[in-house]
Amino acid sequence: MPDLPRNASSDQTVREAAVIQQELASELKYRLARTPERATEDDWLVAICMVVRRRVITALLATQHRRQANPAKKVYYLSMEFLVGRSLVSNLLSLGMLEPARMAMANLGLDLERIADREHDAALGNGGLGRLAACFVESLATMDLPGMGCGIKYDYGLFRQEFDGPAQVERADFWGSDHSPWLIERADESCIVNLYGHVEESHAADGAYRPAWIPGNTLLGIPHDMPIIGYGGRAANLLRLYSARASEVLEMGVFNAGDYVGAVQHQISTETISKVLYPSDEPSQGRELRLIQEYFLTACAMNDILREFSESGLPIEKLHTRAAIQLNDTHPTLVIAELMRLLVDHHKLPWDVAWSVTQATCSYTNHTLLPEALERWPVDLMTRVLPRHMQIIYEINARMLRMARARWGDGDPRVAAVSLIEEGGTRHVRMAHLAIVGSHSINGVAQLHTELIKQSLVPHFHELMPERFNNKTNGITPRRWLAQANPPLAALFDDTLGPQWVVELERLRELARHQDDPAFIERLARIKLANKERLARHVHGSMGVLLDPASLYDVQIKRIHEYKRQLLHILHIIHLYLRIVDHGEDVAPRTHVFAGKAAPGYAAAKRIIHLIRSVARTINGDPRCRGRLNVVFLPDYKVTLAERIIPAADVSEQISTAGTEASGTGNMKLALNGALTVGTLDGANIEIRECVGPENFYAFGLLAEEVGAMRRDGSYHPAQYAARSPALAEVLGTLIDGRYDSDREQYRLLYDELMGRDHYFHLADFDAYAQAHRTIAQDFNDRRAWHRKALHCMAHLGHFSSDRTVREYAREIWKLEGA
Ligand code: 26Q
């Protein structure tokens, strides 16, 4: 059974395999000083990565050389997160080297799959936002568009998840980036980053205000480049990740003052800046280190952007003709103040000119509607860490408020609503407001989300500047999420459509012609079964749990968050369980697969994991459920685990409370791999449903509008739903009867929240959700009709390629040539 995609084997493959084999031997000998007899799998991993790295670098230099001859506008994608995952297989795939590499390894008596499985994931992101950034840089390279991702080289990625019984335990994820074969240190392009200190007021001879920022602390940003090779190997871009290092200049000063211990101390504290990725939902307000990380990224990236621009010889007023800066959420928003500072203080541009250049260069993507997730920084903190930037933010605000007053009148409440400063108690800087006023484009990530930004999140900004708001529905790269993750399905697509679908996903439309071909449907069914068997082997090997590949695999994999409603899913599983054990009913065999991490400080999310794992233990240990109901929570969800689970899914759970999930991208990955979706009309689910047709999408639940109305008028009373639905009442009762945990009070808080406030409307949607699942169970009985639906879905999902998304950004926001 193939685990990885296969390119056709030919004489050429044999020749290339021979070359690779020779290079492998050379790497092993001269880089690692090892003989093949003594080499470990990790040695071979290094050797094969080095062989691939040579070709990656060749492609990179060729791309840079070609572009130097013809300079064009370039996008800088600024993101605190790039959730890249592994790179060996994706690079092999892009370079068309998979088959020869496999053959070379086999000739040496080695298994490429086994070796590749030893690579550590680069987990430099939390979830959707970080993975989107990784898909975008891949699409940019594949489409040969000039672009660079700018991020942080964290020493520790997102924590590893382990379990102590049902409870999540976090472990540090040290991913060994200092020895990564995919990173090239560029110490020669290091930059200085200043922090703290004060602003000295002074005036130029002409009376112009010329402030000088006297920093209190200085550190170095060291770039590390990860080449991102486009599919087909024709172009490569860079993902540039900065690490922080103590600046020797400053250290010397401290030494001279005789404070030896202080100097060493200083080194420790500056180097913590790129030490660890913050888990989202961690209370970040007032976390000085996070603010410094955000500024560190911003300052390093801005330094590179201006250095590259200076090579054009153009005047700085033309920056926006050569550079587009995309802000991935508000996390890099300080770039607006930083660019203003550099243009006004260093390049001596008049404020208005500097402001026009900044706005024309920057654009902002919003990824969340949850009010508690909007970034705000205490003014005191910002003043202490970045005194000159705070002054600039005040000036931006003063000018914007003048405009708002001119428009609405002095006392109008809308004026205070758009202010960059939130008053009352401790004052805060509203980063989304800064991002909005400093950008020429503000986009949401799905149609509904963009509408909600305009109507509910920042309606007054929309009123002031409607032309800046636009939608860019998310997408995913079909290379990683189909060609790489699901080789058997990709092979079927190759056989049916030719190879071009990988870069033109809309070509999947032609699959629809095979909907009524029983032999084709049968092939699809077999592929799904093989993928389910493969996942079952993995689960058995890693957790010792046996799954039944003939059962329906119902999958919910994503961060654990109340709004994503894993709780609704587990309540429904309890309902199925009670139907079996208390009512003696027969239910169609099902396997429920969960995976996902809870932020370490998010107690409610941790309780949900605890409940799922306890219910799983109860159900899996109950002989009455054998062969009918199975529940697993797989530990340590990450890109690599997603690649394993997604091809094996029959049903994709996308059940967030309507109006809360900005887009979702797992919904796209699962559907593209032939899972049918049970989902609310939320985020990109709505657009997926439009594409695949309502008869191929199990929609249920309240609409965003209905949820919004009930929230506003306070008309939601969850206990009433429990009173009206015996099935629901029964399920809820088991949360506090000691069935899943010997401590009856273990899930009391959860129960009280559901019956009392139920902020995410679980109870309101429960019956509709259970009904949708009854339909699914019936439909799954007719296996041929089921796979026909799955095929119809896949055929109509071409729209959700990140190539399409990136092309829209490139044409409509970044204005890149050749997009
Ligand atoms: C902020 C401050 C301090 C520490 C962490 C953070 C932080 C980090 C990550 C806040 C939010 C995030 C991540 C947000 C995210 O992943 N949003 C998701 O973005 C996807 C891509 O657009 C969407 O598909 C999802 O709907 C959205 O939830």
Side-chain angles (χ1 to χ4, degrees), residues 77 79-83 123-136 151-152 154 157-159 276-295 297 326-334 364-377 381 428-429 431-432 435 443-450 452-453 471-477 558-565 596-597 599-602 637 654-670 679-680 682-688 704 800 802 805-806 809:
Y77 196 85
S79 178
M80 288 290 282
E81 310 195 358
F82 288 89
L83 190 42
L124 309 185
N126 274 285
L129 167 147
R131 183 55 231 176
L132 187 76
C135 284
F136 281 8
I152 293 181
Y154 302 105
L158 186 63
F159 65 88
V276 58
L277 165 76
Y278 268 84
S280 57
D281 309 307
E282 202 57 357
S284 67
Q285 248 84 66
R287 288 286 180 90
E288 189 163 331
L289 179 58
R290 170 75 184 189
L291 179 66
I292 293 174
Q293 285 186 337
E294 294 182 357
Y295 178 63
L297 166 62
Q326 186 68 39
L327 311 184
N328 198 22
D329 215 294
T330 53
H331 315 152
T333 295
L334 283 167
Y364 155 57
T365 305
N366 171 284
H367 296 268
T368 183
L369 295 162
L370 302 183
E372 66 271 24
L374 291 179
E375 269 195 306
R376 304 145 66 245
W377 289 105
L381 176 63
H428 286 84
V429 182
M431 300 306 272
N443 76 281
V445 290
Q447 283 166 14
L448 172 68
H449 173 232
T450 300
L452 291 170
I453 290 175
N471 178 59
K472 297 286 169 279
T473 298
N474 283 166
I476 58 170
T477 170
K558 49 183 82 237
R559 279 300 277 260
I560 311 297
H561 206 295
E562 290 162 281
Y563 83 79
K564 293 176 187 286
R565 297 203 294 192
K597 295 174 180 176
Y602 188 178
Y637 185 55
Q654 306 300 336
I655 58 177
S656 52
T657 313
T660 61
E661 187 72 273
S663 162
T665 44
N667 47 3
M668 301 167 189
K669 294 164 197 168
L670 284 153
T680 45
D682 197 19
N685 291 355
I686 297 173
E687 289 156 75
I688 291 174
F800 299 98
S802 49
T805 312
V806 163
Y809 276 90

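Read the numbers this way: they start at 1 and go in the same order the structure lists the ligands and their atoms. We count residues from 1, following the sequence as given.
With hydrogens and angles disregarded, no donor-acceptor distance shorter than 3.5 Å links the side chain of Ser802 to the backbone of Gly475. Within the 3.5 Å criterion, the main-chain N or O of Ser663 finds no donor-acceptor partner in the side chain of Asn474. Between the side chain of Glu687 and the main chain of Gln447, a donor-acceptor pair closer than 3.5 Å is present. Side chain of Arg376 to main chain of His428: no donor-acceptor pair is present (N/O by atom type, distance under 3.5 Å, no hydrogens or angles). Side-chain atoms of Gln293 come within 3.5 Å of backbone N or O of Val276 as a donor-acceptor pair. Of the possible donor and acceptor atoms, none in the side chain of Asn471 sits under 3.5 Å from a partner among the backbone N and O of His449. Judged purely by atom type and a 3.5 angstrom limit, Asn366 uses its side chain to pair as donor or acceptor with the backbone of Thr368.
By the 3.5 Å distance cut-off applied to N or O atoms, Ala662 is counted among the residues near ligand 1. Among the atoms of Leu129, some N or O lies under 3.5 angstrom from an N or O of ligand 1. Considering both main-chain and side-chain atoms, Ser663 comes within under 3.5 Å of ligand 1 through a nitrogen or oxygen pair. Inclusion of Gly664 in the set of residues having an N or O under 3.5 Å from an N or O of ligand 1 is warranted. Checked against a 3.5 angstrom limit, the closest N/O atoms of Ser280 and ligand 1 fall outside it. Annotation: His367 places an N or O atom under 3.5 Å from an N or O atom of ligand 1; distance criterion only. In terms of N/O distances under 3.5 Å, ligand 1 is not approached by Glu81.
Near Tyr278, the atoms of ligand 1 lying under 4.0 angstrom from a non-hydrogen atom of the residue are 4 (C).
Proximity of His331 to ligand 1, defined as any heavy-atom pair under 4.0 Å, is confined to the side chain (atoms from C-beta onward). Of all the heavy atoms of Thr368, none lies under 4.0 Å from any atom of ligand 1, so neither backbone nor side chain is involved. Heavy atoms of Tyr563 found under 4.0 angstrom from ligand 1 belong exclusively to the side chain.
The heavy atom nearest to atom 6 (C) of ligand 1, considering only Met80, Arg290, Arg131, is found in Arg290.
Side-chain polar atoms of Gln654 and Lys558 form a donor-acceptor pair below 3.5 angstrom.
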